[in-house]
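Computed over heavy atoms, backbone and side chain alike; hydrogens, waters and symmetry mates excluded. Numbers restart at 1 for each chain; the letters A, B, ... are given by sequence-line order, proteins then strands.
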2 protein chains.
Amino acid sequence: MVTIADVAKHAGVATSTVSYVLSGKRSISPETRQRVHASVDALGYRPNASARALASSRSNVLALVIPLRAGMHVPVMMQFATAVVTTARRYDHDVLLLTADEGATGLERVQQSSLVDAVVVMDIELYDERVPLLRALDLPSILIGFPLDAEGLTCIDLDFVRAAELCVDHLADLGHQRIALLGTPSAVYERQTGFAHRTREGFRAGVDRRSVHGVETPCESSHEAVLKTVEQLLRDEPELTGLVVQNEPIIGPLLDVLRSLGRRVPEDMSVLAICADDVAEGQRPRLSSVSIPAEQIGQQAVELLIGKLDGLAPPAGTLVPAVLTARASSGPAPQLDRSTTA
Amino acid sequence: MVTIADVAKHAGVATSTVSYVLSGKRSISPETRQRVHASVDALGYRPNASARALASSRSNVLALVIPLRAGMHVPVMMQFATAVVTTARRYDHDVLLLTADEGATGLERVQQSSLVDAVVVMDIELYDERVPLLRALDLPSILIGFPLDAEGLTCIDLDFVRAAELCVDHLADLGHQRIALLGTPSAVYERQTGFAHRTREGFRAGVDRRSVHGVETPCESSHEAVLKTVEQLLRDEPELTGLVVQNEPIIGPLLDVLRSLGRRVPEDMSVLAICADDVAEGQRPRLSSVSIPAEQIGQQAVELLIGKLDGLAPPAGTLVPAVLTARASSGPAPQLDRSTTA
DNA sequence: AGCGGTTATCGAAGCGCTTCGATCAATGCT
DNA sequence: AGCATTGATCGAAGCGCTTCGATAACCGCT
């Protein structure tokens with residue numbers, strides 16, 4: 001193993017000089033700098049991460065707490081994770097994977113052992129047990145999602161309230177009078193997951209504002225559940241003409257079910273989804289949707305976090321604006337003269 | 001921050017004694033041990049990871065190289081990842097996330113900087129560029145998947161050859177004469193991904209052995225592609241009665257497509273999948289399948305790796321036996337008197 | 001010529017831990 | 001009783017790096 005001392009000897013300088021060349025924390029003459037760089041290359045020197053971390057109290061590692069819980073949609077999580085890792089690398093950091101089942105304990109552990117410099121936490125609940133801990137822990141953090149009380153924390157997320165409102169507005173603009181929010185599995189609501197609650201909130205606000213009739217129902221992620229839920233929905237609301245879906249895995253099954261129940265999309269039923277763009281475009285018909293810009297959020301999260309580590313004061317909350325893209329699944333409300341039996 | 005010296009002082013012993021109590025590498029009298037443990041608890045001591053790593057040349061971190069490439073099915077990856085993290089934690093290790101796009105470079109980097117003790121590599125190609133590197137690098141590793149030349153490497157994977165053979169046998173036993181393998185997206189074959197090739201190999205071997213007629217086709221993961229591929233398949237092979245699918249995301253669409261083409265499952269067409277059990281059971285009809293025990297494989301991978309770190313000689317290759325579960329999607333071959341036009 | 005102020009470099013201390021002798025007491029053996 | 005052996009503990013060295021003065025050389029001033 002080649003150490004900084006080897007490089008120093010090879011370049012004919014002190015180890016501290018090599019260190020300063022590499023960190024740029026003191027000015028070094030161009031000649032020495034070049035000589036050192038040459039030696040680094042010649043010897044293939046790589047700083048030892050532990051030694052560096054020990055001496056500088058900076059590990060250059062971020063922790064990513066990834067949820068593995070019921071009802072969470074995996075591909076989206078992976079998009080977040082990928083964006084986080086990729087961006088972290090761009091800032092010369094690595095990413096340690098923590099599973100949410102280690103919960104608060106895990107956060108405490110990695111901080112107390114100085115394993116990581118900062119932490120990205122996903123899947124935030126309104127009353128998240130990790131929130132008070134993060135406040136107490138003096139470990140720089142960013143939450144992807146908003147707890148109810150975000151005081152003193154840095155959070156970022158899609159503006160789900162607005163996302164739902166956009167959907168309601170879009171449907172109302174098209175003349176729909178009776179619409180429904182087909183939501184996440186009920187476990188997600190019971191856990192008080194922020195994004196699901198905020199979407200519901202936005203849906204209610206939009207429905208009120210536009211004076212349309214709105215109903216909400218959770219939906220489990222199986223084909224049968226979708227069938228049952230939709231049947232129930234149509235039984236309760238025979239004149240339903242618009243659907244807002246926030247539940248990626250059921251999107252395919254939902255379209256099947258509507259087809260099998262004889263409801264054409266968008267002629268009989270307009271469908272809007274809150275989901276990743278590629279999912280929306282992969283459906284027949286292509287779905288009008290508010291996209292979840294996971295990559296952008298993940299990237300921005302890391303950038304905020306790195307900024308924090310560099311002493312910058314980040315904004316307390318960042319809401320990524322929701323954007324609705326109209327595609328083929330939404331259209332004008334049909335005339336209300338059909339007799340429907342589910 | 002409380003250090004080992006604080007603990008030592010509090011317990012009235014030398015720091016080395018504290019260290020030995022914690023590591024168990026030398027015998028310590030029961031009284032001292034208890035006293036030290038009491039002090040550790042009283043002060044809330046946690047060893048500093050960097051210091052420990054520096055002094056012992058062991059970081060207690062494993063790297064996990066996760067693929068983010070075209071055609072890979074994300075939920076399965078996540079199951080592997082979760083199992084790896086969970087198991088690693090059980091052996092007091094953490095997991096650093098590396099994305100495959102850093103490729104060989106990333107492996108070199110984490111090793112040369114002593115960031116990790118060992119590495120788990122997923123998504124292995126037959127001629128994987130990382131394989132020669134791993135052989136050279138003197139970084140303990142385990143591959144989830146087999147390259148063509150696994151000499152000197154430790155690998156583990158489901159026995160995909162056998163998996164495909166089981167499927168062929170099952171169909172042949174039911175009297176099917178003309179069957180097809182509906183495979184992964186072609187990018188996965190082109191990349192020479194091990195599991196896809198081995199499945200194909202097993203399919204061919206099975207077909208030969210049982211003297212049935214078999215065709216193979218890759219399939220992209222979109223609804224349209226499934227439709228086109230299946231139509232083409234039925235045009236080429238009108239008397240096809242059995243399908244083996246190795247492509248999780250298209251399973252839903254495939255069943256749709258068959259339905260829309262008027263092929264009942266299993267009356268007209270038997271469908272076998274190589275996929276996670278929960279996916280197979282989430283379909284209508286429930287799919288007969290060979291399951292991919294991601295959790296088991298991930299766990300075993302880490303255990304082999306930890307064993308290696310402890311100096312145990314691991315088996316060169318571990319093939320997890322394939323198991324076929326017959327459910328509702330496979331049945332006896334229909335009589336061959338129908339006239340089909342696709 | 002002499003002075004303060006840069007600029008470039010060095011040397012040494014120290015980050016918190018592990019680990020290698022060394023020490024000392026207690027033990028068992030002849 | 002005397003010696004080697006074992007068990008429990010200590011002290012110090014050192015892992016590879018960063019960082020903090022200190023130093024020396026040089027600049028432009030007066």
### Query
How about B/E102: does its CD atom have over 12 heavy atoms from other parts shown lying under 6.0 Å from it?
yes
### Query
How is A/S19 classified with respect to the nucleic acid when contacts are heavy atoms under 4.0 Å: base, sugar-phosphate, or nothing?
base
## Note on the structure
Testing C/dA12, C/dC20, D/dC17 for proximity to the side chain of A/S16, the answer is C/dA12
### Message
Let's see if you can work this out: which of C/dG16, C/dT18, D/dT18 has an atom nearest to the side-chain heavy atoms of A/A55?
### Response
D/dT18
### Task
Please check if the side chain of A/T32 supplies one atom and the backbone of A/I28 the other of a donor-acceptor pair under 3.5 Å.
no
Under 3.5 Å, which N/O atoms of the protein pair with N/O atoms of nucleotides 26-28 of chain C?
none

### Summary
Whole-Å distance, B/L54 CG to C/dT18 P, equals 11 Å
#### Entry: Stepwise side-chain hydrogen bond (donor to acceptor under 3.5 Å, both in side chains) test for B/Q299 and B/E303
CA-CA 6 Å; B/Q299 174 181 336; B/E303 283 169 353; 3.3 Å; yes
### Summary
Within residues 26-47 of chain A, those residues having any heavy atom closer than 4.0 Å to DNA chain C are A/R26, A/S27, A/I28, A/S29, A/T32
## Note on the structure
The residue among A/N60, A/L62, A/L64, A/L96 that forms side chain to side chain contact (heavy atoms under 4.5 Å, CB included) with A/V116 is A/L96
### Query
Just checking B/S56: base, sugar-phosphate only, or nothing, at a heavy-atom cut-off of under 4.0 Å?
sugar-phosphate
### Query
So does A/Y20 reach the base of D/dC17 with its side chain, donor to acceptor, closer than 3.5 Å?
no
